[in-house]
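This report refers to the structure that appears directly beneath it.
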Amino acid sequence: MFATRFLKKEKFDDYNDYVQNAVPVVPENFNFAYDVVDVIARETPDKLAVLWVNDSGDRKEITFKMLSDMSGSVANFLRARGVVRGDTVLLFMRRRWEYWVLMMAMHKLGAIPIPSTNQLKSEDIKFRIKAAESKTIIAFDDGVIMAEIKSAIGDAGVQLIDCADVSSACDAYPAEFERVENKNTDTMVVYFTSGTTDMPKMVAHNFVYPLGHINTAVFWQRLCDGDIHFTLSESGWAKCSWGKMYGQWLAGATVFVFDFSRVFTANDLLRAISENKVTSFCAPPTAYKMMIHANMKKFDLSSLVKADVAGEALNPEVYEQFLAKTGVKLREGFGQTETSVLLFNNQWIEPKPGSMGVPAAGWDIQLLDERGRRITDANVVGEICVNVKDGKPLGLFQGYHKNEKQTQNAYRDDFYRTGDMAYLDADGYFWFVGRNDDLIKTSGYRVSPFEVESVLLEHPAVREVAVTGVPDASRGQAVKATIVLNKYFQANDVLLRQLQDHVKTNTAHYKSPRIIEFVDTLPMTISGKIRRALIRTLDSAKETIVEPIKNTIGLGKEDEEK
C-alpha cells in the first residue's frame, strides 16, 4: 500500500492509535502525479490503475505505466496548445477514461483543472468561464454539451479542445515531460459547489489535498491492494476526487469506472458490480434505494464486501434493507466539496444506522452554538466546525478561488464553519440534522428535516420526501412534507392521516407534518441533492401557504386543535 510511505505507522491497534498516528507526513513540493503515479509506474508498471467500461460494451484497462506515459504526452500536448502553469481549464469529460489522463497531465504541467458536469447549460458555463477566468475548455462531445459550450463561449476568445484530440495526443506526443516544480500551497484543482443555497462558489484545493484522502480511502472505505473500487460520481464533482483517484491509488486499489450515456438503472449498477467483480462501492443513499427496490437476487454480488454512503444523510431504513439483502454494513461518511472525509464510521467502531460516525485523524471537529460557544452536552444541536487555530488539516480547502470575502466568511474565529448542523450522542457519534438554513423552528422547538424524512421513508407509501418549514402565524413555522409516492399508492385523506400518525408514533408529536403535499418529482440539484431551499422559495411566493394546501389534502379543523 503506497499510502504507508506517508504515515508514521503501517498498522493501528484501535481508533485512538489511529487518531494519534495516522496524520500523513507531507514532503516538500509534493505533486501527486510525479510522486505517486510516476513512482508506482516505475515500481509496478503493470499494476492496474483504471478499469473503464461503458454501456456500449467498450472496455479499457489502464496500467500505471500507461497512465504515467499518457499523462506526460498530454502535458506536452497542452503546452503546445498554449496552456501554462496557473491557467484554469474547464473540463467537461463525463466519465471518459481520458479524464484521468488529463488530471495527471495538468498536475504535471501546473495548470488548474476545474472539473465540471456535462449537465450544465450555456448560462451556467458562461458564469464559470467568467468567474474562473478560463481561457481553455476541454470537453467530450456527448451530442449536447458542445453546443452549450460554443453558445457560452461566443466571441470570448476561449479555446475549445475536443476529447478526441486528447486521446490522439496520447500516441502523438512524447511521454517524457520535465518536472514543473510547485509549492505545496499552490492551487492544484478547483471545484464549483453545487449551489444549493447560493451561486456556486469556487473551492480551491492545494497540492497536498490528495494526501487528505488517505483518510477517505484507507480508513473509511478500508481499501487495500487488490480492491476494485466503484464510486458512482461523474467527473464533474468533488466526489470523483474522493472516490475515483487520489486516495484509492494511494491505498493500492483499482478505480472502476462505469461510463453510461443514458440514465442508469439499478440493474445497470448491479450488473456492473457483478460482471467486474467490484469489491467496494460508494454512492449516495438514492442509489442504494434503487438497488434495494430491484431484484438483487438476479446478480452475483459475492465480490462486494465493502460499501459506503455519502452525499446525503443515510436513512436507517436503507441501511437495514441493504444489510438484509447483502450482509454488508453501510458505513456513512461526511464531508463537503471543501474537505476530504472528516467524519465517518471507521473499522474500529460499530456503525450506527443514520450516524455520520466520529472524526477522522487530523480533524478537530467541534459543535458550536449560535454565539460560537462549544457544545459538549449530548443531544444538543450545533454547527459542525473545524478548529484551524493550529493549522488546517490535510484535505481542507485553502479558500474560495478569487473571492477573499467568501473565504473570510467561512474561516472565522479560528474555525472553518461548515454550515451543517449536527448533535453528539452519549457515545460520541455525530448525527446529521441539516443545513443551518434547513432547520425548522416551530412553537419553540427545533426540528431536523432529515429526522422527519427518515421516519416517513419507513412507510411503504413513501418513495421520496423533502421536509421543510412554511410560515405559520401562531407557530412561526409549520412542518411541511413534500412527498413522492411509491407505485400503487394514491394521495387521499386516509393516506395523509396514516402518514401523520406514522410520524407521531415514531417520534415526537410536534415533528409530525401539519402540511403534506403530494408531487410527482422533487426539485434536485444537478448533483442529485434535494433543493429544499427552492421548495421554501416556491412556498413563500404563494400568498398563503398553510390553508390552501390543507384544503387540497384534507387537513381539517380537528387537526388544528390537536
Side-chain angles (χ1 to χ4, degrees), residues 49-56 58-60 62 89-104 106 113-121 124-125 128 137-146 148-149 162-163 166-167 189-196 200 203 205 213 216-217 221 228-249 254-266 268-269 271-273 276 278 280-288 290-291 308-312 335-337 524-530:
V50 178
L51 171 57
W52 176 90
V53 300
N54 66 12
D55 51 9
S56 298
D58 299 319
R59 183 182 183 91
K60 189 174 184 69
I62 302 175
V89 180
L90 289 169
L91 303 180
F92 294 85
M93 296 298 295
R94 208 175 67 187
R95 293 174 174 84
R96 286 292 306 178
W97 62 265
E98 291 91 344
Y99 169 79
W100 283 262
V101 176
L102 273 167
M103 289 295 284
M104 294 306 108
M106 295 184 70
I114 305 181
S116 307
T117 175
N118 278 43
Q119 299 176 61
L120 297 178
K121 300 299 182 183
D124 302 315
I125 299 168
R128 283 159 172 75
I137 295 176
I138 305 175
F140 169 71
D141 187 0
D142 61 359
V144 177
I145 194 63
M146 282 298 193
E148 299 290 344
I149 293 171
D162 194 299
C163 174
V166 176
S167 182
V189 62
V190 168
Y191 278 101
F192 277 91
T193 61
S194 55
T196 52
V203 177
H205 285 286
H213 283 299
T216 305
Q221 295 168 343
I228 300 175
H229 178 74
F230 180 14
T231 282
L232 189 57
S233 174
E234 69 139 282
S235 63
W237 303 108
K239 191 60 172 63
C240 184
S241 287
W242 276 49
K244 303 178 95 156
M245 194 157 34
Y246 304 120
Q248 290 66 40
W249 290 339
T254 295
V255 170
F256 174 73
V257 182
F258 179 34
D259 183 15
F260 40 85
S261 57
R262 52 183 169 74
V263 177
F264 68 86
T265 67
D268 292 328
L269 294 183
R271 186 175 298 108
I273 291 170
N276 295 282
V278 169
S280 175
F281 182 61
C282 185
T286 302
Y288 287 102
M290 290 172 54
M291 294 163 70
D308 305 288
V309 61
E312 282 199 330
Q336 300 176 316
T337 303
M524 300 278 189
T525 68
I526 51 179
S527 62
K529 295 181 180 180
I530 297 172

Do [X] side-chain atoms and [Y] backbone N/O form a donor-acceptor pair below 3.5 Å?
| X | Y | result |
| --- | --- | --- |
| T265 | D268 | yes |
| H205 | T337 | yes |
| Y288 | D308 | yes |
| T254 | A49 | no |
| Q248 | W242 | yes |

Does the side chain of [Y] come within less than 4.5 Å of [X]'s, by heavy atoms?
| X | Y | result |
| --- | --- | --- |
| M146 | D162 | yes |
| F258 | D55 | yes |
| I125 | I145 | yes |
| R59 | L51 | yes |
| N54 | W97 | no |
| P115 | W237 | no |
| V53 | N276 | yes |
| V257 | Y99 | no |

Drop me the distance from [X]'s [atom1] to [Y]'s [atom2], to the nearest 0.5 angstrom.
| X | Y | atom1 | atom2 | value |
| --- | --- | --- | --- | --- |
| W100 | K244 | CH2 | NZ | 5.0 Å |
| I138 | L102 | CD1 | CG | 5.0 Å |
| T117 | E234 | OG1 | CD | 3.5 Å |
| M245 | T216 | CE | OG1 | 12.0 Å |

Review point. What do the steps show when you test M103 against V189 for side-chain contact (heavy atoms from CB on, under 4.5 Å), and what is the final call?
Key: CA-CA 9 Å; M103 289 295 284; V189 62; 4.1 Å; yes
For [X] and [Y], work out which heavy atoms get closest and say how close.
| X | Y | value |
| --- | --- | --- |
| H229 | G243 | CD2-O, 3.1 Å |
| P285 | A310 | CD-O, 3.9 Å |
| V309 | P284 | CG2-C, 3.9 Å |
| R96 | C163 | NE-SG, 4.4 Å |
| F281 | M291 | CE2-SD, 3.8 Å |

Check your understanding: What class does the angle between the rings of Y246 and H213 fall in, given that below 30° is parallel, 30 to 60° is tilted and above 60° is perpendicular?
Key -> parallel
Point to revise | Check against side-chain contact (heavy atoms from CB on, under 4.5 Å), W52 and D58 | key: CA-CA 8 Å; W52 176 90; D58 299 319; 3.9 Å; yes
Review point. Which residues pass the side-chain hydrogen bond (donor to acceptor under 3.5 Å, both in side chains) test with D141, sequence neighbours left out?
Key: none
Exercise for review: Apply side-chain contact (heavy atoms from CB on, under 4.5 Å) to F92 and I137, showing your working.
Suggested key: CA-CA 8 Å; F92 294 85; I137 295 176; 3.7 Å; yes
Check your understanding: Yes or no on side-chain contact (heavy atoms from CB on, under 4.5 Å) for R128 and I114, after CA distance, side-chain angles and deciding distance?
Key -> CA-CA 9 Å; R128 283 159 172 75; I114 305 181; over 6 Å; no
